[in-house]
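Structure, as structure tokens:
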Amino acid sequence: MDTEVIATAAFKLAISKTDLLSPFVNEKDKEPSWDGHIYIYSDKRKTKENIKRVPVQVKGEAVNRRKVKEHITHDIDYDDLMAYLSDGGAIYVVVYIDETTGEPLQIYYISLLPEKIKNILKKENKGKSQRFKKFPSNKTDIEDLFLTFYTNSKQQVSFAKKATIPPDIFAKRRDFTGFSFNLISSSKPIAISELPKYLEGKDLTLYGHLRNVDIPIPVDYIDEVHDVEVTQQVYTPISVNGIKYYDTYSRCYFKDKIVLQIGSCITITINEGEDGKFILPYQVDYKVVGTLSERIKGLNFVMAAIQNKGFSFGEADFSFNDNDEGFKSFNMDNLVNTLNGYKKAKMALELSSVVKEPDLDHFTDADYVLFNKFIASVVDKKTITGTIDKLNKITALRIGNLNLAVAYTLNSADSYIIWDIFHTHLEARLINNDTGVETRVSQFIWMTKEDFLQYDNLNLSFILEDFQSIPAYDGLFNDATLVALELIKAYDQSKATTYLNSAKELFDWIEGKNGIPQEIILINQLQIALRQRKLSYEEDCQLHDLINTTTDLQIKCCAFILLNQQNEAQKILDTFDEDTKRQFEDYPIYYFYRHDSSSDA
């Protein structure tokens with residue numbers, strides 16, 4: 001039995017059934033590594049214009065017909081792989097032939113693109129036991145296979161001898177613009193809804209793109225893509241009785257179904273049968289997920305939709321069936337109670353100036369316990385039963401992804417109160433260790449840049465209110481100045497203007513008060529101004545006057561820094577001892593010494 005002749009004939013017959021391909025494959029060909037080529041024509045007339053060709057290697061193997069499966073393994077010679085790599089690849093074909101009758105049983109293939117070959121050569125077996133899959137039976141699929149191979153081959157051949165950069169590393173490049181893959185269809189454009197089904201089981205090369213570089217760069221080769229999901233955002237209002245709840249919804253396409261996602265709570269699954277037709281009834285599911293705001297919005301929508309027995313996609317109505325499994329077990333009273341609970345939680349966060357959404361999907365049971373205690377304290381003003389460590393000090397209350405600045409005070413032997421420190425004036429006192437004298441101080445004097453950056457319940461305007469509520473004491477305005485400097489540092493790290501505005505409020509309040517020299521107030525006001533804009537001519541003149549009149553070297557150094565006269569500032573810095581220099585470098589004005597102040601503004 002001449003398996004090579006039978007295999008070549010079977011493969012040529014399969015190719016000959018297509019409209020755009022012609023086989024030129026020789027039996028008993030002596031050319032090393034290749035048996036011939038498949039020619040690709042631009043139309044059914046098969047004219048000589050724009051002819052493309054793909055090299056092929058065809059092997060026959062006599063087997064017991066029980067060995068015919070979806071996939072087989074077959075060895076590929078190392079030298080052949082190296083030859084294919086240099087030439088842009090090849091499609092390697094193996095034909096199983098009945099060992100008794102000589103009948104062709106099944107054609108298998110592997111697309112040996114350069115990126116695929118590089119992956120094979122990385123492994124120890126160097127081509128042994130390669131996985132082949134069934135050759136397409138549909139003529140359009142066969143044409144698409146060769147068209148896609150040809151396109152990928154031309155894009156990969158120049159990268160054949162270069163190391164492939166993995167996509168996660170490639171995406172970190174500053175000039176990275178995105179990824180793509182080739183999808184070539186000989187019949188008609190592939191609709192987005194058809195992509196999951198079309199790509200199922202196909203090989204795919206991922207390409208990376210760089211700004212101002214026209215050539216796609218191969219970054220990954222994926223064997224047999226499965227279970228592709230394609231999501232499309234549809235801009236159609238979702239409403240109930242004319243009240244709009246959402247502006248868009250998501251349409252997710254799978255190989256065997258479509259899933260419509262409305263908000264975070266409702267999904268409608270439309271399954272597809274083997275005949276390609278949709279199966280009724282549609283499956284409607286409801287689940288409370290998402291952020292707090294998404295859950296509130298979703299519950300409002302669900303309750304309205306249940307009462308209305310449906311909703312509208314733009315002008316189209318969607319009605320619920322009373323037998324829909326997703327709605328059978330709904331209890332309106334439970335929904336109302338759940339919604340009210342979420343609204344109460346939202347109120348607590350708003351009262352505490354928390355903008356960040358709590359990630360309820362990842363809350364633990366312990367997080368929910370703490371969250372409920374916080375809500376009871378803030379909204380209901382309730383005391384919390386139990387005991388707590390860290391009494392009478394500012395501490396972090398961590399609830400899931402939220403970090404809140406609070407203080408705990410004892411209410412009774414078995415209960416305590418949670419105070420939101422950015423919304424409650426507390427009786428903070430500083431005790432002199434030598435005299436035992438207590439001084440009423442602001443609760444914020446212990447806060448640093450790190451504290452301001454980590455807490456989610458910031459109400460920065462409250463800081464000035466708290467200082468203003470404190471009876472005057474020696475050091476009051478100095479404490480306020482130090483807090484303002486920490487706020488400026490927080491701005492320098494985060495660039496959130498709320499920090500800078502709060503610092504400015506404090507300095508404006510301090511101005512004219514006894515205890516803080518005017519030149520310090522001026523320096524601090526101007527360093528805030530320089531973070532917002534360039535200094536004016538009049539402000540530059542004020543700094544020059546300060547340089548000529550002050551005897552304080554640190555003030556003079558600050559003035560030179562604000563004027564961007566770094567060399568003059570350096571001369572003064574060089575005169576400081578190590579402790580003074582280290583202290584000066586911790587001031588936020590040093591930011592302008594490390595950065596060119598003229599370009600920073």
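Quick caveat, the model's predicted, so the values are computed rather than measured.
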Check: [X] side chain, [Y] main-chain N or O, donor-acceptor pair, under 3.5 Å:
X: S239; Y: G242; result: no
X: D141; Y: P136; result: no
X: R295; Y: G290; result: yes
X: N457; Y: V354; result: no
X: Q155; Y: S153; result: no
X: K46; Y: L21; result: yes
X: Y368; Y: L360; result: yes
X: N403; Y: Y455; result: no
X: T177; Y: H209; result: yes
X: D367; Y: G400; result: yes

Name the orientation class of the two ring planes belonging to [X] and [Y] (parallel below 30°, tilted from 30 to 60°, perpendicular beyond 60°).
X: Y92; Y: H74; answer: tilted
X: F313; Y: Y249; answer: perpendicular
X: F371; Y: F374; answer: parallel

task: Take V302 and I266 through the side-chain contact (heavy atoms from CB on, under 4.5 Å) test and state the conclusion after the steps.
output: CA-CA 8 Å; V302 168; I266 281 190; 3.7 Å; yes
From I76, D77, L81, residue fulfilling side-chain contact (heavy atoms from CB on, under 4.5 Å) relative to D79: D77
- prompt: Out of T18, V54, I51, which one pairs with I40 under the side-chain contact (heavy atoms from CB on, under 4.5 Å) rule?
  reply: V54
[X] bridged to [Y] by N-O distance under 4.0 Å:
X: D144; Y: K202; result: no
X: K134; Y: E70; result: yes
X: D317; Y: K309; result: no
X: D35; Y: K59; result: no
X: E115; Y: K118; result: yes

To the nearest 0.5 Å, tell me how far [X] [atom1] sits from [Y] [atom2].
X: F135; Y: I142; atom1: CZ; atom2: CD1; answer: 4.5 Å
X: D227; Y: L199; atom1: CG; atom2: CG; answer: 12.0 Å
X: Y235; Y: T248; atom1: OH; atom2: OG1; answer: 6.5 Å
X: I15; Y: I107; atom1: CD1; atom2: CD1; answer: 7.5 Å
X: K244; Y: I238; atom1: NZ; atom2: CD1; answer: 10.5 Å
X: Y286; Y: T267; atom1: OH; atom2: OG1; answer: 12.0 Å

- prompt: Does the side-chain contact (heavy atoms from CB on, under 4.5 Å) test come out yes or no for I38 and I91, once each step is laid out?
  reply: CA-CA 10 Å; I38 301 302; I91 290 182; over 6 Å; no
task: Could you point out which residue of T151, N152, T148 forms a side chain to side chain donor-acceptor pair (under 3.5 Å) with N182?
output: N152
- request: Could you give me the CA-CA distance, side-chain angles and deciding distance for E294 and K297, then say whether salt bridge (charged side-chain N to carboxylate O under 4.0 Å, His left out) is met?
  value: CA-CA 5 Å; E294 288 171 340; K297 191 174 185 179; over 6 Å; no
- request: Give the C-alpha distance, both sets of side-chain angles, the deciding distance and a yes or no for side-chain contact (heavy atoms from CB on, under 4.5 Å) between L260 and Y282.
  value: CA-CA 11 Å; L260 309 181; Y282 305 147; over 6 Å; no
task: Please determine, by modelled atom types, if S293 and E357 share a side-chain donor-acceptor pair under 3.5 angstrom.
output: yes
task: Verify the distance criterion only: is there a donor paired with an acceptor across the side chains of Y41 and E143 at less than 3.5 Å?
output: no
- line: Between K12 and V25 the two heavy atoms that sit nearest each other are NZ-O, 3.5 Å
task: Could you pull out the closest heavy-atom pair between L85 and P114, with the gap in Å?
output: CD1-O, 3.7 Å
- prompt: So do the side chains of T164 and D220 get within less than 4.5 Å of each other, counting heavy atoms only?
  reply: no
message: For a side-chain contact (heavy atoms from CB on, under 4.5 Å) check, start with the C-alpha distance between I117 and Y221, then their side-chain angles and the critical distance, and finish with the verdict.
response: CA-CA 10 Å; I117 296 171; Y221 186 89; over 6 Å; no
- request: Check whether more than 12 heavy atoms from other residues, nucleotides or ligands sit under 6.0 Å from atom CD of E49, and answer yes or no.
  value: no
task: Please test F311 against F301 for ring-ring contact (aromatic ring centres under 6.0 Å, His included), starting from the C-alpha separation and ending with a verdict.
output: CA-CA 9 Å; F311 57 90; F301 169 66; 5.3 Å; yes
